[in-house]
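The structure appears right after this line, and notes come after that.
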Amino acid sequence: MNLPSSMTLIEITEPGGPEVLKPRQVPMPTPGEGEVLIRVHAAGVNRPDALQRAGQYPLKPGMNPIPGLEVAGEVVALGKGVSEFIVGDKVCALTNGGGYAQYCVTPAGQTLPIPEGMDWVQAAAVPETFFTVWANLFDMGGASKGQRALIHGGTSGIGTTALMLCREFGIKAFATAGSEEKCAAVRKLGAEAINYRDQDFVRVIQDNTAGKGVNVILDIMGGSYLNQNIAALGMEGRLVMLGFLGGGRANDVDLLGIMSKRATITGSLMRPRTDAEKASIAEQLREYVWPVLTAGRCLPMIDKVYPLAEAAQAHAWMEAGDHIGKIVLQVD
């Protein structure tokens, strides 16, 4: 396949607001051993992209400084040792950075065929949230049929994905949201909506579970919610932290609450995981979730689509906090 010698990407010119995202022409990347080169048709926009842009997500040596953690497109070149794909395959992938671009290199183990019936935009909205939710809610959090879960930020990309998968796998879900419109969206996804602006989520959960609490909490708030989350957990409950919008440190932690409930508090970041760890998550998704997506269920909710050149506007919209579902950049 004849490929151009250069491409356009969106770089972070300096730490700051959305305006620091600028297009730049660079040489075409080349896939290394075990990698594929994807012609990107769409790329998802995620909270870690904004944190990285603002200088709040420090990168380890060797990490790609270009934002963009998920893409959908066509395989246009294969690195040495790649046998599971051929040129022309339509795929979506969890990247190690570099998704805001016309072409992106990603490990083959983090690349999956696009489920039948999905378009580029839908497929680009899958990897980051589905990898994250599966690894944290179902693997680390141990959520399973018949259990109860609390999802904070229920209308975010992570939140809507978690709620759809809870409904699919028979988990009773509660979710916090900050407006009646967002609460209505939560209810449409089959969950009990809690408006955190005028409701105490601990009380709602206790009232609706006969005081038993929830088995697992997926939290994006961090420090400001820690003691309330402990109070909302049931016996041997698991609190899994994904973010710290409410602060990265917590004071006056209710240690007795943790001990009396034999609670587990954990958390993770997706990007620092090894390629092998991400490939393992991909295989679990292929086995348990891909048949669901192929059947047309749990499809990602798309809020807005922006051209690649308008990445700054996409970030501004995400940070405004009014979106319901995923924001995607269209590349072609």
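Because the structure is a prediction, the values reported are computed rather than measured.
The closest donor-acceptor contact from the side chain of Lys261 to the backbone of Ile230 lies under 3.5 Å. Judged by distance alone, the side chain of Glu74 and the main-chain N or O of Lys90 form no donor-acceptor pair under 3.5 Å. With hydrogens and angles disregarded, a donor-acceptor distance shorter than 3.5 Å links the side chain of Gln206 to the backbone of Ala231. The closest donor-acceptor contact from the side chain of Asp89 to the backbone of Val91 lies at 3.5 Å or more, if one exists at all. Of the possible polar contacts, none joining the Asp303 side chain to the Lys326 backbone as a donor-acceptor pair under 3.5 Å is found. Not one N or O on the side chain of Gln147 forms a donor-acceptor pair closer than 3.5 Å with the backbone of Asn215. Side chain of Thr160 to main chain of Gly325: no donor-acceptor pair is present (N/O by atom type, distance under 3.5 Å, no hydrogens or angles). With Asp275 contributing its side chain and Pro107 its backbone, the two residues share no donor-acceptor pair below 3.5 Å. Distance alone, capped at 3.5 Å, is enough to place a donor-acceptor pair between the Arg271 side chain and the Asn96 backbone. In this structure, the side chain of Gln228 does not engage the main chain of Tyr225 through any donor-acceptor pair within 3.5 Å.
Taken to the nearest 0.5 Å, the CE atom of Met270 stands 10.0 Å off from the CG atom of Leu69. Between Thr155 atom OG1 and Ile158 atom CD1 the span is 12.5 Å, to the nearest 0.5 Å. Taking CZ from Arg47 and OG1 from Thr132, the interatomic distance works out to 13.5 Å, rounded to the nearest 0.5 Å. Rounding to the nearest 0.5 angstrom, the gap separating the CD1 atom in Ile10 from the CD atom in Gln102 is 9.5 Å. Distance check, rounded to the nearest 0.5 Å: CG of Leu150 to CD1 of Ile194 gives 6.0 Å. How far SG of Cys298 is from CG of Leu165: 5.0 Å, rounded to the nearest 0.5 Å.
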- [ ] Show your reasoning for whether side chain to side chain contact (heavy atoms under 4.5 Å, CB included) applies to Glu35 and Thr106.
- [x] CA-CA 5 Å; Glu35 295 179 330; Thr106 192; over 6 Å; no
TODO: Given side chain to side chain contact (heavy atoms under 4.5 Å, CB included), test Met118 with Val126 step by step and report yes or no.
DONE: CA-CA 10 Å; Met118 269 195 183; Val126 167; 3.7 Å; yes
- [ ] Please report the C-alpha distance between Leu189 and Arg167 in whole Å, then the side-chain angles of each, then the deciding distance to 0.1 Å, and finally whether the side chain to side chain contact (heavy atoms under 4.5 Å, CB included) criterion is met.
- [x] CA-CA 7 Å; Leu189 294 173; Arg167 181 173 60 185; 4.3 Å; yes
Task: salt bridge (Lys or Arg N to Asp or Glu O under 4.0 Å) evaluation trace for Glu180 with Arg197 - done: CA-CA 10 Å; Glu180 181 49 43; Arg197 298 188 188 280; over 6 Å; no
TODO: Carefully, step by step, assess Gln25 and Ser6 under the rule side chain to side chain contact (heavy atoms under 4.5 Å, CB included).
DONE: CA-CA 7 Å; Gln25 285 288 120; Ser6 66; 3.2 Å; yes
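Counting only N and O atoms by type, the side chains of His41 and Asp119 include no donor and acceptor under 3.5 Å apart.
The environment of Lys172 atom NZ is dense: over 12 non-hydrogen atoms of other residues, nucleotides or ligands sit within 6.0 angstrom. Counted within 6.0 Å of CD on Gln199, heavy atoms from surrounding residues, nucleotides or ligands total more than 12; the atom is thus considered enclosed. For Phe201, the CZ atom sits in a packed shell: over 12 heavy atoms of surrounding residues, nucleotides or ligands are nearer than 6.0 Å. Atom CZ of Arg297 has more than 12 neighbouring heavy atoms from other residues, nucleotides or ligands inside a 6.0 Å radius. The 12-atom threshold is exceeded at CG of Asp198, counting heavy atoms of other residues, nucleotides or ligands nearer than 6.0 Å. Annotation for Glu116: atom CD does not count as buried by contact number, only 12 or fewer foreign heavy atoms lying within 6.0 Å.
Between Arg53 and Glu319, at least one side-chain nitrogen of the basic residue sits less than 4.0 Å from a carboxylate oxygen of the acidic one, meeting the salt-bridge criterion. A salt bridge links Arg262 with Glu236: the distance from a Lys NZ or Arg NE/NH1/NH2 to an Asp or Glu carboxylate oxygen falls below 4.0 Å.
A pairwise comparison of heavy atoms in Leu163 and Ala173 identifies CD2-CB, 3.7 Å as the closest pair. Listed here is the closest heavy atom pair of Ser144 and Ile171: O-CG1, 3.3 Å. Contact record, Ile220 with Gly153: CD1-CA, 3.9 Å, taken as the closest heavy-atom pair. Arg273 and Ser268 make their closest contact through NH2-OG, 3.4 Å (heavy atoms, listed as atom of the first residue, atom of the second, distance). What you find for Pro48 and Tyr57 is that their closest heavy atoms are CB-CE1, 3.9 Å. In this structure, Val71 and Pro127 approach most closely via the heavy-atom pair O-CG, 4.4 Å.
Only one option out of Gln52, Glu70, Glu128 pairs with Asn46 in a side chain to side chain donor-acceptor pair (under 3.5 Å); it is Glu70. The only option from Leu233, Val214, Ile217 that meets the side chain to side chain contact (heavy atoms under 4.5 Å, CB included) definition with Ile205 turns out to be Val214.
The list of ring pair (Phe, Tyr, Trp, His ring centres under 6.0 Å) pairs with a residue in residues 263-317, not counting sequence neighbours, reads Tyr100-His315, Trp134-Tyr288.
No single ILVMFWY cluster, assembled from side-chain heavy atoms under 4.5 Å apart, contains both Val105 and Phe131. No chain of hydrophobic side-chain contacts below 4.5 Å, direct or via other Ile, Leu, Val, Met, Phe, Trp or Tyr residues, connects Ile38 to Val328. Taking hydrophobic clusters as Ile, Leu, Val, Met, Phe, Trp and Tyr residues chained together by side-chain heavy-atom distances below 4.5 Å, Met318 does not share a cluster with Leu242. Hydrophobic clustering, with ILVMFWY side chains joined whenever heavy atoms are under 4.5 angstrom apart, keeps Ile281 apart from Leu269. Taken together through direct or relayed side-chain contacts under 4.5 Å among Ile, Leu, Val, Met, Phe, Trp and Tyr, Phe244 and Val133 form parts of separate hydrophobic clusters.
With sequence neighbours left out, His323 forms a ring-ring contact (aromatic ring centres under 6.0 Å, His included) with no residue at all. By the salt bridge (Lys or Arg N to Asp or Glu O under 4.0 Å) test, Glu283 is found to be paired with Arg286, residues two or more places apart in sequence or in another chain being considered.
Taking 4.5 Å as the limit, every side-chain heavy atom of Asp219 sits out of range of all side-chain heavy atoms of Leu226.
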